[in-house]
There are 2 protein chains.
Amino acid sequence: MPTRPADRYHHGDLRNALIETGLEMARTGGPDAVVLRAVSRSAGVSHNAAYRHFADHEDLLAAVSARCLDRLGALMRERAQAERHEDPVERAWARLGAIGRAYVDFARAEPGWFRTAFRPAAVPAPNARGRSADDLAADHPFAQLAACLDDLVAVGALSAERRPDAEYAAWSAVHGLSVLLVEGPLAELADSRALDITETVLTVVSRGL
Amino acid sequence: MPTRPADRYHHGDLRNALIETGLEMARTGGPDAVVLRAVSRSAGVSHNAAYRHFADHEDLLAAVSARCLDRLGALMRERAQAERHEDPVERAWARLGAIGRAYVDFARAEPGWFRTAFRPAAVPAPNARGRSADDLAADHPFAQLAACLDDLVAVGALSAERRPDAEYAAWSAVHGLSVLLVEGPLAELADSRALDITETVLTVVSRGL
DNA sequence: CTCCTTCTGTTGACAGTGTCCACTTTGAGG
DNA sequence: CCTCAAAGTGGACACTGTCAACAGAAGGAG
């Protein structure tokens, strides 16, 4: 059994184990809780082992952050797929609303992960691992939003001349609301109030597109 | 001369000196650059002197953060006052746009201060200094936005039933855009592109209100 | 003027962090 | 079976926030 957990040397899949532990830390404490030494300790490994799998503390954090983004994207996709309407126009609008709600819901339900997903990268890191700015996986929140808007145009619900940059408007509103609710001045709002405001924001954006 | 700067003891106004130094640090490096020891050092004082004026590192950071917020508020007020139109409706809309642009401009021009202003407070701190959630100074960005929207209603440009929670929609959009531009995935956009997108966001919000 | 109290600032310590270095152990391939 | 690169360890360093004990400065009471 080559990957027995109690083995001191050659853990087997330490890289993933560290990311997983980092995710636990981030969940309750946000990005600042992903402390290299603490993660190593909690993974049952010495404080320097991480350097065989990550260049940096920043590198580890980036990996954890990417996982958080994946989770957000997965929730959005799930919620979008759940919207099944006959009318294509109705469905397109419903899906736009669904991914917006998913975004805010994720932020409220998992604030630590949300903050970690969008933590300010220490330094842009000239393509440390090949991830350029625009090679966005199809499940990336921004890509899903763009696809939704394209769908609205294809279905005739949104005029083509209003399409350009619409994703920035929608994303800004939803992201801004999430940030304000999670770590900003709106953090202490009651849940019901937050839900009301979310609907207002979504309505304003839909109407304004 | 009781407040000679070279005096080691009884600096005179160390509290403000530390905040000012903290502002310099925050300007280039954001909230993480406001390091207690470094600030004290740079202010020419020993690393523990700050504890006579601030309870915590967090307390110092909060003071610096408040100053950053003040600066943002001041720029918004300035820009709003510069909009002088005869027609009250036109003026109300122009001022709404002006404070929105000021918000984003501040974020782009002084990213460090912007991030410091809205840095996630470590812990809500049960009214450490009496600043409750809703005792907002009249110059607070959110208060200015609310006043702008009230004006739109008073002037007849916005129906009263759309007024409730409108400030959250507007704030979310502008704040979200700023965050994405400053420390998010949109950070590397060219200036001209950022300006275009800003106008789009403002247009969408105005239309949707 | 002197003494004493109260601020204010200093020095020294401690635990915890990220990172570098030299070392040891492991498992796979010749 | 031996070698050797990969993977993990332990120790060190500089740096951080914070605590405790100390020292100088300022101002009022006697």
Side-chain angles (χ1 to χ4, degrees), chain A residues 1-22 25-26 28-65 116 119-123 125 128, chain B residues 1-22 25-26 28-65 116 119-123 125 128:
Chain A
M1 51 217 80
T3 53
R4 216 181 56 220
D7 283 344
R8 300 208 318 171
Y9 284 70
H10 291 89
H11 172 287
D13 193 12
L14 184 54
R15 180 183 169 89
N16 271 88
L18 289 173
I19 296 179
E20 218 68 38
T21 311
M25 311 282 210
T28 62
D32 292 343
V34 182
V35 176
L36 204 147
R37 288 176 103 110
V39 170
S40 306
R41 205 179 308 139
S42 176
V45 94
S46 108
H47 68 271
N48 257 334
Y51 282 92
R52 297 292 153 192
H53 303 273
F54 302 94
D56 243 352
H57 172 227
E58 166 64 26
D59 195 23
L60 166 61
L61 229 182
V64 175
S65 171
T116 306
R119 129 219 93 106
V123 57
Chain B
M1 47 217 82
T3 53
R4 216 180 55 220
D7 282 344
R8 301 207 320 169
Y9 281 71
H10 292 90
H11 172 287
D13 193 14
L14 184 54
R15 181 184 169 89
N16 271 87
L18 290 172
I19 295 179
E20 219 67 38
T21 311
M25 311 283 209
T28 62
D32 292 343
V34 182
V35 176
L36 204 148
R37 288 175 101 111
V39 170
S40 306
R41 206 179 308 139
S42 175
V45 94
S46 108
H47 66 270
N48 256 334
Y51 283 92
R52 297 293 154 194
H53 303 272
F54 302 95
D56 245 346
H57 172 226
E58 167 64 26
D59 196 23
L60 166 61
L61 228 182
V64 174
S65 171
T116 306
R119 129 218 92 106
V123 57

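Computed from a predicted structure; not experimentally measured. Chain naming here is simple, since letters A, B, ... match the order of the sequence lines and numbering starts at 1 in each. No hydrogens, no waters, no symmetry mates; every other heavy atom, side chains included, goes into these values.
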Against the side chain of Arg41(A), the closest entry in dT17(C), dG8(D), dT18(D) is dT17(C)
Testing dA13(C), dT9(D), dT19(C) for proximity to the side chain of Ala49(A), the answer is dT9(D)
Task: Base of dG11(D) paired with side chain of His47(A) (donor-acceptor, under 3.5 Å) - done: yes
* Does some side-chain heavy atom of Met25(B) sit less than 4.5 Å from a side-chain heavy atom of Val35(B)? -> no
Taking dT9(D), dT8(C), dG18(C) as options, the one with an atom nearest any side-chain atom of Arg52(B) is dT8(C)
Between CG of Asp56(A) and P of dT17(C) the distance, given in whole Å, is 17 Å
Regarding the side chain of Ser46(A), the nearest nucleotide among dT8(C), dA13(C), dT9(D) is dT9(D)
Heavy-atom nearest pair, Thr116(A) first then Ala26(A), reads OG1-CB, 3.4 Å
Rounded to whole Å, CG of Leu61(A) lies from C1' of dT17(C) at a distance of 14 Å
Out of dT16(D), dG17(D), dA13(C), minimum distance to the side chain of Ala38(B) belongs to dT16(D)
Phe54(A) atom CZ is separated from dA7(D) atom P, nearest whole Å, by 13 Å
Margin query: At less than 3.5 Å, do the side-chain atoms of Asn48(A) and the base atoms of dG18(C) form a donor-acceptor pair?
Written below: no
So CD of Glu20(B) and OG of Ser42(B): to nearest 0.5 Å the spacing works out to 11.5 Å
Heavy-atom nearest nucleotide on DNA chain C taken for Arg37(B) and for Leu14(B); more 5' hit belongs to Leu14(B)
Checking Arg15(A) side chain against His53(A) main chain: does a donor-acceptor pair fall under 3.5 Å?
yes
ask   = Is any N or O donor-acceptor pair between the side chain of Arg15(B) and the base of dT8(C) shorter than 3.5 Å?
value = no
Rounded to whole Å, CD of Glu58(B) lies from C1' of dT18(D) at a distance of 15 Å
**Message:** What I want to find out is whether Arg119(B) reaches Glu58(B) closely enough, with some N-O distance under 4.0 Å, to be called a salt bridge.
**Reply:** yes
Between Ala55(A) and Val35(A), whichever has its closest DNA chain C nucleotide further toward 5' is Val35(A)
Considering only heavy side-chain atoms of His53(A), the closest of dT17(C), dT18(D), dA7(D) is dA7(D)
note: Met25(B), atom CE; dC15(D), atom C1'; distance rounded to Å ~ 14 Å
Ranking dG10(D), dG17(D), dT11(C) by distance to the side chain of Tyr51(B), first place goes to dG17(D)
Asp32(B) CG to dT16(D) P, in whole Å, measures 13 Å
